[in-house]
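Below is one structure, written out as structure tokens, with a few remarks after it.
In what follows, every chain begins at residue 1, and chains take the letters A, B, ... in the order their sequences are listed.
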Protein chains: 2
Amino acid sequence: MKNHTETHTSHTRVPVSECSLAKAIRAVGDTWSLLILREVICGAERFDQIREDLGITRSVLSNRLARLVQEGILERYQYRDSGQRARKGYALTAKGHALFPVVIALREWGGEHLEPGNTPLRLQLQTRDGLRVETKLIREDGLEVTDMTDIIATVKE
Amino acid sequence: MKNHTETHTSHTRVPVSECSLAKAIRAVGDTWSLLILREVICGAERFDQIREDLGITRSVLSNRLARLVQEGILERYQYRDSGQRARKGYALTAKGHALFPVVIALREWGGEHLEPGNTPLRLQLQTRDGLRVETKLIREDGLEVTDMTDIIATVKE
DNA sequence: ACCCTGAGTCTTTATTAAAGACTCAGGTGG
DNA sequence: CCACCTGAGTCTTTAATAAAGACTCAGGGT
């Protein structure tokens, strides 16, 4: 436990009910939703495929998928592999795709702070022509922020 | 429900137990942890302050804080406001600060996709000298990715 | 010495998730 | 055409988590 006596920053109060960040966390920040999005991003589009990969129960998966569809993050579609019967799948909508920065940032954080050192296979997020994609924090003036302790929360009005 | 017959991308299988992204989601992707981090970022460092802001119960807050400290995302410290008794607070560690890209990306997504139009007060994340900070997806070659549908998941080895 | 407050723990009740049996519709094979 | 398989769920029961709120305990203040 560090022991600092410097004046600490004052509390920026934005009620949870009016905060975009809190709403976003409420929308996708639960135990399963982000993992389901990961599955869809990885190309698991069928119910049972997602269920097997995640080890989630049918009822919970059913609920979460319905919620994600209802929130406009996922959408359902039908497809048919040649010689197979028609099946239903889930795919990202534009709103769902807009979560990529969140997912990629999480992936980066996990890779840098949760791996014991030598991790075998790492999920990679890249463009279709194979270029790696990463998140950067860019200031209004175009410069990159590297020191996170320089960032603070304020209330804009 | 759209009805596409184009060949869908194949499934990129990375077991959840070996995936940095899944681990990151496991670590902070639950109902309360991210909201608690939001509080700390906003300067709410005391137990009861966080509890009041979030409406979380004491026992759950206690558990989550302990977990976040144990995971090295938060740390405890003591401080004393002038004329007040010493108190304990929670602050982000370097590992916790490294989650800023995730938080900022969530904040952006919430602001763009969850707000009904005219939202009164919006939490702003900026540098100490008042410059707004935003996340960008940058490709290996330095160009920004604007079309999210161009991003796919692969397994790197 | 007594009281207040911050920072919890403990106990009871309500919600949510897990496990796994059951349903139902669209095809497939005979 | 009929029986059967499979994907995509629902339903029921049991276990785990969270909510509500009383209780504890230590450090100051008066």
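- Side-chain contact between A:Leu123 and A:Ile41 is absent, with no heavy-atom pair separated by less than 4.5 Å.
- Side-chain nitrogen and oxygen atoms of B:Ser62 include none within less than 4.0 Å of the OP1 or OP2 phosphate oxygen of C:dG8.
- In this structure, A:Phe47 places its CZ atom 16 Å from C1' of C:dA25, rounding to the nearest Å.
- Two residues are said to be in side-chain contact when any heavy atoms from C-beta on lie closer than 4.5 Å; B:Glu108 and A:Pro101 fail this criterion.
- Residue pairs that meet the side chain to side chain donor-acceptor pair (under 3.5 Å) test with at least one member in residues 94-107 of chain B, sequence neighbours left out, do not exist here.
- Taking side-chain N and O atoms only, B:Arg51 has no distance below 4.0 Å to OP1 or OP2 of C:dG6.
- Atom pair B:Arg80:CZ and C:dA7:P shows a separation of 13 Å (rounding to whole Å applied).
- Atom CG in B:Leu61 sits roughly 13 Å away from atom C1' in C:dG6 (whole-Å rounding).
- Looking at A:Glu45, A:Arg46, A:Lys88, A:Arg87 one by one, the single match for side chain to side chain donor-acceptor pair (under 3.5 Å) with A:Tyr79 turns out to be A:Arg46.
- One atom, CD1 of B:Ile50, and another, P of C:dG6, lie 14 Å apart when rounded to the nearest Å.
- Between A:Arg13 and B:Asp53, some side-chain heavy-atom pair lies under the 4.5 Å cut-off.
- Across the protein-nucleic acid pair, A:Gln49 atom CD and D:dT6 atom P stand 16 Å apart, rounded to whole Å.
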What are the atom names and distances for every N/O pair under 3.5 Å that joins the protein to nucleotides 3-5 of chain C?
residue: C:dT5; atom: O2; partner: B:Arg85; partner atom: NH1; Å: 2.9

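- The cluster map of Ile, Leu, Val, Met, Phe, Trp and Tyr, joined by side-chain heavy atoms under 4.5 Å apart, puts A:Leu37 and A:Leu54 in the same cluster.
- The only option from B:Glu112, B:Glu115, B:Arg122 that meets the side chain to side chain donor-acceptor pair (under 3.5 Å) definition with A:Ser20 turns out to be B:Glu115.
- Remark: B:Leu143 CG to B:Ile138 CD1 distance equals 8.5 Å, nearest 0.5 Å.
- Ranking C:dT9, C:dA7, D:dA8 by closeness to the B:Lys88 side chain, first place goes to C:dA7.
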TODO: Give the B/S/- string for nucleotides 15-20 of chain C, one per nucleotide from 5' to 3', where a protein heavy atom under 4.0 Å of the base yields B, of only the sugar-phosphate yields S, and otherwise -.
DONE: --SBB-

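- We find that CD1 of B:Ile36 is positioned 11 Å from P of D:dA18, with the value rounded to whole Å.
- A sub-4.0 Å separation between OP1 or OP2 of C:dG6 and a side-chain N or O of B:Tyr90 is absent.
- Put simply, CG on B:Leu106 and CD1 on A:Ile25 are 6.0 Å apart, with the number rounded to the nearest 0.5 Å.
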